[in-house]
Amino acid sequence: VITRPHPLEWSVEQLQAACGEAKALGRRSPVHAHSAESAKQAALAGCSSIEHGAYVDDEAFSVMEARGTYYDPNIGLVLQNYLQNKPAFYGAGNYTDEGFAFMEKGVTIVLETFKKALRHKKLKIIYGTDATAGANGRNYEEFIVRVRDGGQAPMDAIVGATSLAAESLGLEGRIGSIAPGLEADIIATDGDPLKDITAVRHVVFVMKGGQVFKNVSPARTATH
């Protein structure tokens with residue numbers, strides 16, 4: 001549980017060496033960072049993405065925006081999952097009363113940081129949840145919080161989870177879009193998520209690599 005923004009654990013020189021070597025080898029270099037300074041220095045070092053970034057400020061976001069650094073905020077599931085499943089985690093490490101109290105505050109902190117990120121129109125915001133036990137199969141909740149509470153446009157949230165996320169992984173030539181030659185990974189929802197983002201909770205069709213794994217009649221259609 002992160003209770004405050006930590007200082008840099010790697011020196012600027014170490015960051016430059018690690019991320020520079022990764023880039024030279026055609027590899028990604030996601031950085032688990034919370035503080036504004038760590039995110040800024042990672043972006044300047046050419047690291048590929050910032051994971052979490054709970055305390056990132058406008059200066060760091062501007063550097064990330066200019067450098068094309070991907071931003072993977074986790075605002076809608078990870079903290080909420082810990083809080084909803086408190087008995088399962090309580091007592092392990094710093095999962096204490098103090099830790100859980102900070103998680104309550106953290107829900108607001110990460111949401112406000114996300115709203116700040118949205119002001120940087122060219123920032124590449126991708127989709128991740130840092131899901132833990134109890135959150136599996138509920139990753140869609142991140143969509144809902146980003147759109148309903150954070151104010152992100154529904155289409156931007158969807159693109160961030162599909163084509164832009166694939167691009168961040170270097171897999172845009174295989175997945176992330178519905179296009180000739182790409183793997184047919186497709187889902188359909190009962191309802192239009194562009195009008196009501198909670199429709200992502202109601203997946204009625206799942207295709208992976210061209211194979212259908214789920215195909216049920218939408219509830220609202222079946223009742224007519």
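- At a threshold of 4.0 Å, the pair Asp58-Lys116 does not count as salt-bridged, since none of the basic side-chain nitrogens sits closer than that to a carboxylate oxygen.
- Closest non-hydrogen pair, Ala199 versus Asp190, comes out as CB-O, 4.0 Å.
- Classified by interplanar angle (parallel below 30°, tilted 30° to 60°, perpendicular above 60°), the ring pair Phe61/Tyr71 is perpendicular.
- By the criterion of side-chain heavy atoms lying less than 4.5 angstrom apart, applied directly or through intervening Ile, Leu, Val, Met, Phe, Trp or Tyr residues, Leu77 is not grouped with Val107; the two fall into different hydrophobic clusters.
- Hydrophobic clustering (side-chain heavy atoms under 4.5 Å, transitive across Ile, Leu, Val, Met, Phe, Trp, Tyr) keeps Ile186 apart from Val203.
- Screening residues 180-199 for ring pair (Phe, Tyr, Trp, His ring centres under 6.0 Å), with sequence neighbours left out, gives no hits.
- Side chain of Gln14 to main chain of Ser11: a donor-acceptor pair is present (N/O by atom type, distance under 3.5 Å, no hydrogens or angles).
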Phe100 and Leu83: CA distance, side-chain angles, deciding distance, side-chain contact (heavy atoms from CB on, under 4.5 Å) verdict: CA-CA 7 Å; Phe100 280 102; Leu83 292 166; 3.9 Å; yes
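- When atom types are taken as modelled, the side chain of Thr69 and the backbone of Ser49 share no donor-acceptor pair closer than 3.5 angstrom.
- A single hydrophobic cluster is seen to contain both Ile178 and Val212, as judged by linkage of ILVMFWY side chains at heavy-atom distances under 4.5 Å, directly or through other members.
- Under the 4.5 angstrom side-chain criterion for Ile, Leu, Val, Met, Phe, Trp and Tyr, the cluster partners of Val159 are Tyr70, Ile126, Tyr127, Tyr140, Phe143, Ile144, Val147, Met155, Ile158, Leu164, Leu194, Ile197, Val200.
- Other residues, nucleotides and ligands contribute over 12 non-hydrogen atoms within 6.0 Å of the CG atom of Leu25.
- When every heavy atom of Ala42 is checked against every heavy atom of Ile50, the shortest pair comes out as CB-CD1, 3.7 Å.
- Counting heavy atoms from C-beta on, the side chains of Phe114 and Arg146 come closer than 4.5 Å.
- Using a 4.5 Å cut-off between side-chain heavy atoms of Ile, Leu, Val, Met, Phe, Trp and Tyr, with links allowed through other members, Val12 and Val63 fall into different hydrophobic clusters.
- Side chains of His120 and Met64 form no contact here, defined as non-hydrogen atoms less than 4.5 Å apart.
- Between Leu44 and Arg67, some side-chain heavy-atom pair lies under the 4.5 Å cut-off.
- Side-chain contact, Thr96 with Asn94: no donor N or O sits under 3.5 Å from an acceptor N or O.
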Test log, rule side-chain contact (heavy atoms from CB on, under 4.5 Å), inputs Lys208 and Glu183: CA-CA 8 Å; Lys208 170 64 177 172; Glu183 296 180 18; 4.1 Å; yes
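- No side-chain heavy atom of Leu182 sits under 4.5 Å from any side-chain heavy atom of Arg174.
- Evaluation of the salt bridge (charged side-chain N to carboxylate O under 4.0 Å, His left out) rule for Asp72 yields no partner, not counting sequence neighbours.
- When all heavy atoms are compared, the tightest approach of Asn74 to Gly128 is ND2-O, 3.0 Å.
- Without hydrogens or angle criteria, Ser177 side chain to Ala179 main chain gives no donor-acceptor distance under 3.5 Å.
- Thr113 and Val56 make their closest contact through CG2-O, 3.7 Å (heavy atoms, listed as atom of the first residue, atom of the second, distance).
- Between Lys23 and Ser29 there is no side-chain heavy-atom pair separated by less than 4.5 Å.
- Using a 4.0 Å cut-off between charged nitrogen and carboxylate oxygen, Lys124 and Glu65 do not count as a salt-bridge pair.
- For the residue pair Asp185 and Gly209, the shortest heavy atom distance occurs at OD1-N, 2.7 Å.
- Using modelled atom types, no side-chain atom of Gln16 and backbone atom of Gly46 make a donor-acceptor pair closer than 3.5 Å.
- Atom CZ in Arg27 sits 14.5 Å away from atom SG in Cys19 (nearest 0.5 Å).
- Aromatic pair Tyr82/Phe89: centroids less than 6.0 angstrom apart.
- Formation of a donor-acceptor pair under 3.5 Å by the Arg28 side chain with backbone atoms of Ser48 is not found in this model.
- Taking both residues in full, the closest heavy atoms of Gln80 and Ile75 are given as NE2-O, 2.9 Å, listed atom of the first, atom of the second, then distance.
- No continuous path of hydrophobic side-chain contacts links Val204 to Phe213 [ILVMFWY only; heavy atoms under 4.5 Å].
- Salt bridge Glu112/Lys115: present, at least one basic N to carboxylate O contact under 4.0 Å.
- Checking Gln41 against Glu37 by side-chain atom types alone, a donor-acceptor pair falls below 3.5 Å.
- Within the 4.5 Å cutoff, the side chain of Phe102 has heavy atoms near those of the Ile109 side chain.
- Side chain of Asn85 to backbone of Asn81: a donor-acceptor contact under 3.5 angstrom is found.
- Side-chain contact between Arg138 and Thr129: absent, with no pair of heavy atoms (C-beta onward) separated by less than 4.5 Å.
- Within the 4.5 Å cutoff, side-chain heavy atoms of His52 are placed close to those of His32.
- Glu142 places a side-chain N or O within donor-acceptor distance of the main-chain N or O of Gly76, the cut-off being under 3.5 Å.
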